[in-house]
Number of protein chains: 2
Amino acid sequence: MENNSCIRQQADIKQINRCKDTVSELSESFDHLANGLSLVGNSVRLKILYLIFEEKRLCVCDLSDILGMNISAISQHLRKMKDRNLLTTEREAQTIFYSLTTEYSTLLNPFFEILDKNKILATT
Amino acid sequence: MENNSCIRQQADIKQINRCKDTVSELSESFDHLANGLSLVGNSVRLKILYLIFEEKRLCVCDLSDILGMNISAISQHLRKMKDRNLLTTEREAQTIFYSLTTEYSTLLNPFFEILDKNKILATT
DNA sequence: TTATTATTTAAGCAAATACTTAAATAATAC
DNA sequence: GTATTATTTAAGTATTTGCTTAAATAATAA
């Protein structure tokens, strides 16, 4: 697994060890955060999140129509994001509406703002 | 490609069309942003970014040692992030140091802060 | 109860991603 | 010049991810 040459001659051993400690301390945090960000780092899911952010709530069917994609495909994306607590659902008869959880709404806001700015640029 | 049933009876056509417009207007923005976020949404790369953020600059060799991973694997991660302008390099003799670009340093700061907080919790 | 509408889930396949190995490039030391 | 150190790149493999199809669940309407 580990091989190759290196460990450079003038490596700062203190620094290396400090970094190793950080990595082992935060190991789970890194995994958890990366997993959350990987959900947002997909253009279909990013679109879904932004649309829900703008429209407050949407159902699978709406999103399927808007994005021109299979309902099943959208449903599977929504599931992943619900599992990771980016989205919540509320049922209204047969329709299930998805909306952003407040926590992720705040966290993702800087990115939505970037998109908002681009939107202004695109329309003018 | 598109099939299935749906388009719910009481769908808000205006809303659907407004959303379709947004998606087509921002299509490239979505792709670009999602691509950037997908880079951060990988635990190895997130670790690399956070370590470089903390230590200001690191070389492949250091990172390989810290993360217990193949130099080649790290190098390929660094390349991707350099290509997408998350990282810059400066050469010092045979060693190439990677550091964060200011733009992404700002953008990623909220996430680094989350990790910082967890670090305090982990050590106390 | 059966039919319809809205949605989810499971299985399979295809494309993308991450890591390994080995070879290539590049700067310094001898 | 050759040898060494630091790094990148290319090719192959294996795992993961996203989408398709088909079947399952769940609420409402007839």
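Labels below follow one simple rule: chain letters A, B, ... track the order of the sequence lines, proteins then strands, and each chain is numbered from 1.
- Under 4.0 angstrom from either OP1 or OP2 of D/dT8 there lies at least one side-chain N or O belonging to B/Tyr98.
- One interatomic measurement links the two molecules: CD1 of A/Ile71 to P of C/dT5, which rounds to 12 Å at whole-angstrom precision.
- Judged by distance alone, with hydrogens and angles left aside, the side-chain atoms of A/Ser75 form no donor-acceptor pair with the main-chain N or O of A/Ser72 at under 3.5 Å.
- Formation of a donor-acceptor pair under 3.5 Å by the A/Ser64 side chain with backbone atoms of A/Met69 is found in this model.
- Atom CG of A/Asp65 is separated from atom C1' of C/dT5 by 16 Å (rounded to the nearest Å).
- We find that NZ of A/Lys47 is positioned 13 Å from P of D/dG18, with the value rounded to whole Å.
- Contacts between residues 73-86 of chain A and DNA chain C, defined by a heavy-atom separation under 4.0 Å, are made by A/Ser75, A/Gln76, A/Arg79.
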- Message: Applying side chain to side chain contact (heavy atoms under 4.5 Å, CB included) to B/Val23 and A/Tyr50, what does each step give before you reach the verdict?
- Response: CA-CA 9 Å; B/Val23 169; A/Tyr50 182 70; over 6 Å; no
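- The only option from A/Ile74, A/Asp65, A/Ile96, A/Thr95 that meets the side-chain contact (heavy atoms from CB on, under 4.5 Å) definition with A/Cys59 turns out to be A/Thr95.
- Between the CD1 atom of A/Ile96 and the C1' atom of C/dT9 there is a distance of 13 Å, given to the nearest Å.
- In this structure, B/Asn70 places its CG atom 11 Å from C1' of C/dA18, rounding to the nearest Å.
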Give me, pair by pair, the N or O atoms of the protein and of nucleotides 24-30 of chain D that are less than 3.5 Å apart, along with how far apart they are.
none

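- Counting only distance, with no hydrogens or angles, the side chain of B/Ser38 and the backbone of B/Asn35 share a donor-acceptor pair below 3.5 Å.
- Within residues 27-44 of chain B, the residues that have a heavy atom under 4.0 Å from DNA chain C are, in order of number, B/Asn42, B/Val44.
- Under the 3.5 Å distance criterion, the side-chain polar atoms of A/Thr101 are matched with a main-chain donor or acceptor of A/Asn85.
- In this structure, A/Val40 and B/Leu37 approach most closely via the heavy-atom pair CG1-CD1, 3.7 Å.
- Nucleotide D/dT20 holds its P atom 6 Å from the CE atom of A/Met69, rounded to whole Å.
- With sequence neighbours excluded, no residue forms a side-chain hydrogen bond (donor to acceptor under 3.5 Å, both in side chains) with A/Glu103.
- To the nearest angstrom, P of C/dT7 lies 11 Å from CG of A/Leu58.
- Each salt bridge (Lys or Arg N to Asp or Glu O under 4.0 Å) pair with one or both residues in residues 27-53 of chain A, not counting sequence neighbours, would appear here, but there are none.
- Scanning for side-chain hydrogen bond (donor to acceptor under 3.5 Å, both in side chains) contacts around B/Lys80 gives an empty result, with sequence neighbours left out.
- Side-chain N/O atoms of A/Ser72 and base N/O atoms of D/dT21 include a donor-acceptor pair closer than 3.5 Å.
- In this structure, A/Leu67 atom CG and D/dG18 atom P are separated by 14 Å, rounded to whole Å.
- At distances below 3.5 Å, not a single donor-acceptor pair connects side-chain atoms of B/Arg18 with backbone N or O atoms of B/Lys20.
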